[in-house]
Amino acid sequence: MVFSARAKDGEDSLAGTAGTLERLLRRPWHRFRFPRLLEIQYETATHEARNREIRRSLLMNMALNLFCLGLDALVAPKVFRIGLLFRLSALLISLPGLLLLRGRFSVWLQTVGAALALLPWVVAAGLIGRAAGQPWADRYFMAVGFSLCLTLVITQFRFSQAAYIGLLGMVCIDVVVLGGFGIGPPATTPDLPLFVSLLIPVFTGLRYRMEAANRNAFLLSSLNELHVRSLASANATLTSLAQIDPLTGLFNRRYFDAALARMWEATAVSGSCLGLMMVDVDQFKAFNDTAGHQAGDRCLEAVAAAMRINVRLGLDTVARYGGEEFVALLPDADLDEAEKIAERVRMAVAELKIPHPKNDFAVLTVSVGVASVRGAGNAPQSLLHAADQALYRAKFMGRNRVVCLTGERADAPAQFVAVD
């Protein structure tokens, strides 16, 4: 793969998001809701788990109410018959409410569903208590009040849901205690509605605190995730910088050595070809001494750019090997294919027409050594050594040329072919 563009990180935007989360963690207690987009994210992240827990709590409440049929039987056969009627009626009413908690409905519809799944049991238990008469009536009423309060706390309702359901539950208890739809005598505890009316806001406030704690836990989790992503991005940037030559923007020798070992193993498994091209700028020291080091740096940048655009984009790996030497790994390239790529690079550099007074060709040129192997043997250094031998031969034969090492394997006896 050819590396050209440098990565741009999103550190500023990430820091801004983290700063927003930190400010929300320090918000006053009465600032409950998040900004709109974060509120949507919170609802999306917690919707499924929250509704699952609400359904589980309401199902447990239903099971407990049905279990209380045994208590009704202990009071009187008449109470058991009335209890069976009211509790089965409450079951039929509450089932559609549970269905509303299974889909991705609006919070308002989910609140209606939760109310349908909970409040019929409150009314049913209150009416059964009136039918039982004293002293059982007060016990039923108190049990209903405490059951409703505990359900508001332990169930993962949103605070708004708990507030609405608590208010409706308080109305239901008051209606049953005071009116009772003509079932049984009135309650003999006149302050019971007041007592429950005081308890429900207290337990609803506890639900508020628990919801606030859940929201802060979400903020902390999101902040931690942002920090982890930021750290991963920073590590990736550092890793990238450790693999990139700062002058040319190509991969450096460390990356090339690892890529060569990796591709060598892949070639050994697949039996495919692996080509290697070594490029050296002709008489670079003389160019540096004459034109200056800044011009020399620009020269290396130009050669790197010529290599980058004349290899097979997205397939070949180009790196600066050291000084004025460059290398390119050419996977699935036999000697003929590698030679064509090398010749393109040589011609592209010559066509830059960078003046070089110390060069026999009067312009900047490169010498290229090429080798290829099919089915890797020995060690990857054998391919590197073969390309280096070919490069040495190219310089010996007059520079500004491509020399290929022929043979089926890179570690075969050296035979050279020069391409002018």
Side-chain angles (χ1 to χ4, degrees), residues 1-6 241 243-256 275-330 333 336-371 384 386-405 416-420:
M1 180 183 298
V2 178
F3 185 92
S4 57
R6 291 176 170 83
L241 291 175
Q243 297 174 342
I244 302 301
D245 174 60
L247 176 64
T248 62
L250 299 177
F251 289 116
N252 58 20
R253 182 167 178 173
R254 174 186 297 178
Y255 182 88
F256 168 79
L276 178 62
M277 175 175 66
M278 292 196 73
V279 178
D280 185 82
V281 180
D282 294 328
Q283 295 179 318
F284 181 72
K285 184 178 183 303
F287 181 91
N288 242 0
D289 293 341
T290 303
H293 291 289
Q294 289 186 347
D297 289 346
R298 290 195 295 272
C299 159
L300 294 177
E301 290 173 346
V303 172
M307 290 190 66
R308 183 186 293 120
I309 63 178
N310 283 284
V311 297
R312 297 169 300 177
L313 298 178
L315 181 61
D316 299 333
T317 300
V318 181
R320 185 182 179 188
Y321 196 66
E324 68 273 19
E325 283 191 328
F326 300 87
V327 287
L329 278 170
L330 314 171
D336 290 338
E337 179 69 16
E339 177 186 322
K340 293 176 183 177
I341 297 170
E343 183 60 21
R344 278 205 309 268
V345 170
R346 185 197 68 81
M347 292 179 61
V349 173
E351 289 172 358
L352 293 174
K353 299 187 182 303
I354 299 174
H356 192 328
K358 300 295 183 178
N359 192 326
D360 295 339
F361 303 96
V363 295
L364 189 76
T365 59
V366 293
S367 299
V368 187
V370 177
L384 193 63
D388 187 55
Q389 279 187 302
L391 175 62
Y392 177 80
R393 185 73 174 177
K395 298 180 80 67
F396 179 78
M397 295 174 64
R399 301 184 177 88
N400 190 25
R401 67 189 64 232
V402 176
V403 172
C404 301
L405 178 64
F416 298 97
V417 176
V419 179
D420 293 330

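For reference, positions follow the sequence shown, starting with 1. Values below: all heavy atoms of this structure, side chains included; hydrogens, waters and symmetry mates excluded.
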(message) One thing to verify: whether Asp280 and Lys395 come together as a salt bridge, which I'm taking to mean a side-chain N less than 4.0 angstrom from a carboxylate O.
(response) yes
(message) Using a strict threshold of under 4.0 Å (side-chain N to carboxylate O), is an ion pair present between Lys340 and Glu343?
(response) no
Taking the side chain as every heavy atom from C-beta outward, state whether [X] and [Y] have any pair of such atoms under 4.5 Å apart.
| X | Y | answer |
| --- | --- | --- |
| Val366 | Val281 | yes |
| Asn400 | Asn359 | no |
| Leu329 | Leu276 | yes |
| Leu330 | Glu337 | no |
| Asp245 | Phe251 | no |

(request) Please confirm whether the backbone N or O of Glu339 pairs with a side-chain atom of Asp336, one donor and one acceptor, at under 3.5 Å? (result) no
(request) State which residues pass ring-ring contact (aromatic ring centres under 6.0 Å, His included) with Phe284; sequence neighbours excluded, sorted by chain then number. (result) none
(request) Using ring-ring contact (aromatic ring centres under 6.0 Å, His included) as the criterion, list what pairs up with Phe326, not counting sequence neighbours. (result) none
Residues in side-chain hydrogen bond (donor to acceptor under 3.5 Å, both in side chains) contact with [X], at least two apart in sequence or another chain:
| X | result |
| --- | --- |
| Asn310 | none |
| Asp388 | none |
| Asp289 | Lys285 |
| Arg344 | none |

(message) Going by ring-ring contact (aromatic ring centres under 6.0 Å, His included), name the pairs with one or both residues in residues 348-367, residues two or more places apart or in two chains.
(response) Phe287-His356
(request) Mind jotting down which residue pairs meet the ring-ring contact (aromatic ring centres under 6.0 Å, His included) criterion with at least one end in residues 292-318? Sequence neighbours excluded, please. (result) none
(message) According to side-chain contact (heavy atoms from CB on, under 4.5 Å), who are the partners of Ala305, at least two apart in sequence or on a separate chain?
(response) Arg308
(message) Under the rule for side-chain contact (heavy atoms from CB on, under 4.5 Å), what residues qualify as partners of Ala394, not counting sequence neighbours?
(response) Ser367, Arg401, Val403
(request) Please collect all salt bridge (charged side-chain N to carboxylate O under 4.0 Å, His left out) contacts where either partner lies in residues 290-306, sequence neighbours excluded, each pair once. (result) none
